[in-house]
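Model, not experiment: these values are computed from the prediction. To find a chain, count down the sequence lines: A is the first, B the second, and so on, and within it residues start at 1.
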Protein chains: 2
Amino acid sequence: MCRVDQPATTPSAPKGEQTRALILETALRLFQENGYDRTTMRAIAKDAGVSVGNAYYYFESKEHLVQGFYDRMVALHREAVAPLLASEPKFAARLDGVMQAWLEVSEPYHEFAAQFFKNAADPASPLSPFSDESSPARDAGIGLMRSVLLGSTAKVDPELREDLPELLWLYQMAVVLFWVHDKSEKAAKTGMLVRRSTPLIARLLQLSATRVFRPLTREGVQLFRDIGWFTSK
Amino acid sequence: MCRVDQPATTPSAPKGEQTRALILETALRLFQENGYDRTTMRAIAKDAGVSVGNAYYYFESKEHLVQGFYDRMVALHREAVAPLLASEPKFAARLDGVMQAWLEVSEPYHEFAAQFFKNAADPASPLSPFSDESSPARDAGIGLMRSVLLGSTAKVDPELREDLPELLWLYQMAVVLFWVHDKSEKAAKTGMLVRRSTPLIARLLQLSATRVFRPLTREGVQLFRDIGWFTSK
DNA sequence: ACCCCCATTTGAACGTGTTCAACTCTTGCC
DNA sequence: GGCAAGAGTTGAACACGTTCAAATGGGGGT
């Protein structure tokens, strides 16, 4: 009828996008209700009122459906963290706040998340934080750590300063790995780990510029660079 | 004919053990030839001349078959490392030697190993190095690191000394995680990481007993203990 | 010799993620 | 309106890991 197809911008999505969104929403709801493993592709398709094959028309695999969930958590985290980053000047408090916010945002999905964060260690999985497919999310995470650093009053060896956001992001990945294994009530152990490790990191950063430490810092940074992060060869 | 069945000690194993060994050998051979994912349980059973169900009578799952492979690598590693541990007194050289030996032992299985080391991050997998099922292998690994430390002339803050083997084992796990993602020729990047990071660790240990550092060391060690390693709650 | 018990073995069947040839519907063009 | 082309959709079929009720077999007690 009156539908002209503007390639973009139109709120009435190009038909296919509606189906895609419907499938994604259904999948995320079922994942949350029943967990990742117990949610079958057939159940997702049935609940969304489409066929199994149709789900595969829009998403390469069951894992790819999870990317949408991951993106949502990143958005929630960024939102939750904005006020803190705008007001708090102390580095340790900023880092701690960002990490605690992540824990709070993720808490409701702990069980579900643990089921697919195992992909983190699988180099072949598109969900690995080191994969090409994850590079937008990875860059966003590193960017967040950069703003944690830049907005702070911390004094760091300038050589280290450049690579610090990536290193802090790695710290976050390590915490996530610990969190995945954390069976304590409301992940209290991970909370403690963050609360007590962030001041240690801050203190290490102070020391990094010290005369005794600088050579060690330099050598560590140089090694980190030579290894070449997520460069394939 | 002349086979009498001594319940134990006899080289002719108690019948069932023979089948078990046959299945395991076949599985490991096929894993090595075709990779983990491309080797089906049906193929293993067929090649071993038994039924699929029989394989499951002896091994809970496909993953459990891999434990045998893992045990074998641990044995090879321990063997390869013995002369060095008997002769070399310097801590950094001992640690480097142990890690390099691991890389050499594992190199032929890099591709295959990467396919199942993803389970490392899956808390639910019996193959996770943090799982109960892995505690023998874990204890062996930690014990190896203890002998790396004890046989050396390194001077470490006694408080740290006690927990250091576990921490070094964690270092090893981190290296393994890196190795799994390492696509460089013969894992050269991991080799470099080890060669250059072990001296840094040794230097950090020296510093750990320093007046400036000791408080930081103490706090770190205390945090490590409070977190309570692989204690479930 | 007989029989019973239980370790061992079987293979068909189940539920899963994934694929694919075929079908239907929409869209743009005459 | 009619028509070709391609986007969208279908569900049966495949390969896999896993389960299980049933068959087999051998060894010890009588």
Please give, in whole Å, the distance from [N] [atom2] to [X] [atom1]?
X: E63(A); N: dT16(C); atom1: CD; atom2: P; result: 17 Å
X: Q18(B); N: dG25(D); atom1: CD; atom2: C1'; result: 16 Å
X: M41(A); N: dC20(C); atom1: CE; atom2: P; result: 16 Å
X: R38(B); N: dA15(D); atom1: CZ; atom2: C1'; result: 15 Å
X: F59(B); N: dT19(D); atom1: CZ; atom2: C1'; result: 18 Å
X: K46(B); N: dC16(D); atom1: NZ; atom2: C1'; result: 15 Å
X: I44(A); N: dG15(C); atom1: CD1; atom2: C1'; result: 15 Å

When you get a sec, tell me which of [options] is the closest nucleotide to the side chain of [X]?
X: K62(B); options: dG17(D), dG17(C), dT10(D); answer: dG17(D)
X: Y56(B); options: dG17(D), dT10(C), dT9(D); answer: dG17(D)
X: V50(A); options: dT18(C), dG11(C), dT10(D); answer: dT10(D)

Test side chain to side chain contact (heavy atoms under 4.5 Å, CB included) applied to F178(B) and V180(B), V176(B), D182(B), the passing residue: D182(B)

With a 4.0 Å limit, can you tell me whether [X] has a side-chain N or O closer than that to the phosphate oxygens OP1/OP2 of [N]?
X: Y58(B); N: dT9(C); answer: yes
X: N54(A); N: dT10(D); answer: yes
X: T19(A); N: dT9(D); answer: yes
X: Y57(A); N: dG8(D); answer: yes

Row check, Y57(A) ring normal vs R20(A) NZ/CZ: under 6.0 Å, within 45°: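 The answer is no, since R20(A) fails at least one limit relative to Y57(A).
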
Looking for any heavy atom pair under 4.0 Å, which part of the strands does V52(A) touch: base, sugar-phosphate only, or nothing? base

Distance-only donor-acceptor check, side chains S128(B) and S125(B), under 3.5 Å: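 No, because no side-chain N or O of S128(B) sits under 3.5 Å from a partner of the opposite role on S125(B).
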
Please determine whether side chain to side chain contact (heavy atoms under 4.5 Å, CB included) holds for the pair R195(B) and Q100(B), giving the CA-CA distance in whole Å, both sets of side-chain angles, and the decisive distance to 0.1 Å. CA-CA 8 Å; R195(B) 181 162 34 82; Q100(B) 299 290 356; 4.0 Å; yes

Could you pick out which residue, T40(A) or G53(A), lies toward the 5' side of DNA chain C when each is mapped onto its nearest nucleotide?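 By nearest-heavy-atom nucleotide position, the 5'-most residue is T40(A).
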
Tell me whether E79(B) is salt-bridged to R72(B), with the criterion being a basic N under 4.0 Å from an acidic carboxylate O.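 A salt bridge is absent here (no side-chain N lies under 4.0 Å from a carboxylate O).
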
Does R42(A) make a side-chain donor-acceptor contact with the base of dG15(C), cut-off 3.5 Å? no

